[in-house]
There are 2 protein chains.
Amino acid sequence: MGKAKSGKRATLASLGEQLGLSRQTISNVLNNPGVVSEETRSRVLAAIEASGYRPSAAARALRTKRSMMLALRLYPSGDGIEGALMDRFTHAVTEAAQAQGYRIALFCADDMGSEADTLVELHEEAQIDAAIISDTYPHDPRPGALWEAGLPFSAFGRQWERPDAPHSWVDVDGRAGVRAAVDHLVSAGHRRIGYLGPRVGGASEDRRLGCQEALAACVPPVIGDEELTSVDTPKAGAAAASILQERGATAVVCGSDAMAMGALSVFGHRDGHAPIVGFDDTPVARAMGLSSVAQPVEEAARLAVELALAAVAGEPSRRLLIQPELVVRRLEAFAR
Amino acid sequence: MGKAKSGKRATLASLGEQLGLSRQTISNVLNNPGVVSEETRSRVLAAIEASGYRPSAAARALRTKRSMMLALRLYPSGDGIEGALMDRFTHAVTEAAQAQGYRIALFCADDMGSEADTLVELHEEAQIDAAIISDTYPHDPRPGALWEAGLPFSAFGRQWERPDAPHSWVDVDGRAGVRAAVDHLVSAGHRRIGYLGPRVGGASEDRRLGCQEALAACVPPVIGDEELTSVDTPKAGAAAASILQERGATAVVCGSDAMAMGALSVFGHRDGHAPIVGFDDTPVARAMGLSSVAQPVEEAARLAVELALAAVAGEPSRRLLIQPELVVRRLEAFAR
DNA sequence: CCGCAGAGTTTGATCGATCAAATGCTGATC
DNA sequence: GATCAGCATTTGATCGATCAAACTCTGCGG
């Protein structure tokens, strides 16, 4: 390590003076090593090491007009069951950004409109180079607002009402995930399968369609009991699951783990296997031995960062659909 | 709203020229309104509004040597059961910082040592004004390293081996929380109460002591069955809880919700009440109808921000211990 | 009529880096 | 020996804000 020495911060100029060189040469050693002679370079590097010099982020940002920061909104963590998903995303985004030399600036907002406003403001203040938004829904105001403002960004979540929107996004093919869930239950012997999903959002509609498709494609034919949408809570899930059970369903595919939890309490486990499949593979599902469709959140985050940086670089936008994976689980011994 | 106009960003200088004033006057309107005449001020404000001017964060940071950023490490989210706690903290810190005009810069680190290194680096690059560290443990290397480096910071978690450490911290009085948990079980009629906690960390030792104290203070006397420490998982919790049960315990206080989950699977609910109390009041506890000691994480976060900013301002450090709250819960109907 | 206080405004310097272009130098070329 | 290429390094300007000090008025007391 190097460090200490005097009380003053080292700067390019101070290093240059100390070595009898100019600031620019020091700068070149760091940013453009090729143009500096072998000998000076090593001399400068030693001095840098010894002085503990670090380039000033502010000065660099001012000159280059790159803050090397991406903005990410932190959502009010819901009552927690689904919350973990976005936290995983946040984490993975941070990691992916860091790998590219970028940092994440967090902020809070009360609603989608003020999220977009804050992002535009951050961009105008040159605090951030780009933004990543997530959890898009039909007629989401954010993509349009950000695009208008000329802010480079990417979205985790497609633009539901307009799949050919001009901006970049990554999304998970929830429909395919639900199809896999249905196939799983069918091959486990179930012949009457219901679907249960949250009431709102493009994603849940997509998942519902996945269920229909899968049931329609079954040979021998499988009966799809009526689909129910409801509020996204265990309680509502339990209530709706009871209805499906009365109608003869023996298994249920759910659009969320929270509702799956409720459905699980109605249907229960049989031989350690639950006739329920949840969505998002949250910690609660893991703890309860519940099968669930897992979104590759980490991959999505990596791609979201990649797309955002591509947008900064002015590259054309891209739209990516990635595949989820069904995690089949049985009840762990401890949870009896 | 104002905006658009030309393609160029407005600056203090451009606004000044446009209005026939100097940059400094524009600056004063924003930062020192008192010295500007009433008339000029309103004229300038109108122009600012119309141009959509935003001060450049980089330029300001360069001059003032204040980035208005605080750093926070994002921990690798464990398997999720306890994870939510730190996420709540992150969220609350962001909100509290934002209320003071600060933003949070996130980063990842592999271990505590590299966390400290990264923080010092960020500080030397002038990317951040201060840092907030959390989840301290005995002989934590971070406080010392940051203090040495002259980085203003605060910690969520006391310095266990040295309560009079020179830096600021906030912590939750876990011992008192566990005492409340024991009292709760005693008043519910239990006479043989065991304690079950994770194996490591100053906090869990503190909680264990709280249990001893509470049992010792009981009249009529209550028998404290042997305490067990174990790995912090539901599985290990279940195993350890079985041992306590064999030894005659009818109730268990746990140092974490993960272990409490395991204990719950062994003891089960009786009339909707569980003879188990967990710690941290995580979503899983909520979902399972488990009583738990809740840490006032939001308050801690607010205080941590306050302490960090006080450190930036050069104010003397403070050490704060705040009180947790026992959340008594019964099994919700849906979870049967 | 001069000096002076004070409000309102401007000027110059600075923060620390990077870009773009200029300079000094060595050695090869004709 | 003058010219020129090309490397290594330096100089000047710039990014956009803020600090500190200087300046210009106007009005007032002596």
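Quick caveat: nothing in here was measured; it's all calculated off a predicted structure. The chains referred to below are lettered A, B, ... by the order of the sequence lines, with proteins before strands, and numbering in each begins at 1. The basis for the numbers below is simple: all heavy atoms, side chains too, and nothing from hydrogens, waters or symmetry mates.
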Query raised in the report: Less than 4.0 Å between a side-chain N and a carboxylate O, is that true for A:Glu306 and A:Arg318?
Result: yes

Requested in this report: Please state whether the rings of B:Trp147 and B:His167 are parallel, tilted or perpendicular, taking 30° and 60° as the class boundaries.
Outcome: tilted

Query raised in the report: In whole Å, what is the span from the CG atom of B:Asn31 to the C1' atom of D:dA20?
Result: 15 Å

**Report entry** Steps toward side chain to side chain contact (heavy atoms under 4.5 Å, CB included) verdict (A:Glu125, B:Arg60)
**Finding:** CA-CA 10 Å; A:Glu125 289 171 344; B:Arg60 178 174 280 177; over 6 Å; no

Report task. May I have the step-by-step check of side chain to side chain donor-acceptor pair (under 3.5 Å) for B:Gln159 and B:Glu161, ending in yes or no? Result -> CA-CA 6 Å; B:Gln159 182 145 11; B:Glu161 79 281 13; 3.2 Å; yes

Report task. Give me the bend of the helix from C:dC1-D:dG30 to C:dC30-D:dG1, using the axes of the five pairs at each end, rounded to 10°. Result -> 80°

Report summary line: Taken to the nearest whole Å, CG/A:Leu12 to P/C:dC19 is 12 Å

Requested in this report: Would you mind building the protein contact string for nucleotides 7-15 of chain D? One character per nucleotide, 5' to 3', B for base within reach (heavy atoms under 4.0 Å), S for sugar-phosphate only, - for untouched.
Outcome: -SSBBBBBB

Query - Spacing of OG belonging to A:Ser51 relative to CG belonging to A:Leu19, to within rounding of 0.5 Å - result: 9.0 Å

Requested in this report: Could you check how far CD of B:Gln127 sits from P of C:dG16, rounded to whole Å?
Outcome: 15 Å

Query raised in the report: Below 4.5 Å, heavy atoms only, C-beta onward: do A:Trp160 and A:Asp171 meet side chain to side chain?
Result: yes

Requested in this report: Write down the distance between CE (A:Met68) and C1' (C:dT18), rounded to a whole number of angstrom.
Outcome: 15 Å

Query raised in the report: Taking atom P of C:dA20 as reference, at what distance in whole Å does atom CG of A:Asn32 sit?
Result: 12 Å

Requested in this report: Specify the separation, in whole Å, of atom CD1 of B:Ile26 and atom P of C:dT9.
Outcome: 10 Å

Query raised in the report: Does any N or O in the side chain of B:Asp129 come within less than 3.5 Å of the main-chain N or O of B:Ser67, such that one atom is a donor and the other an acceptor?
Result: yes

Query raised in the report: Should A:Arg73 and A:Glu115 count as an ion pair when the cut-off is N to O under 4.0 Å?
Result: yes

Requested in this report: Whole angstrom is fine here: how far is it from CG in A:Leu30 over to P in C:dC19?
Outcome: 13 Å

Report summary line: Separation of C:dG8 atom P from B:Arg43 atom CZ, nearest Å, is 15 Å

Query raised in the report: Salt-bridged, A:Arg41 to A:Glu38, with N to O below 4.0 Å?
Result: yes

Requested in this report: Under 4.0 Å between any heavy atoms, over every strand shown, what does A:Arg54 touch: base, sugar-phosphate, or nothing? Just pick one.
Outcome: sugar-phosphate

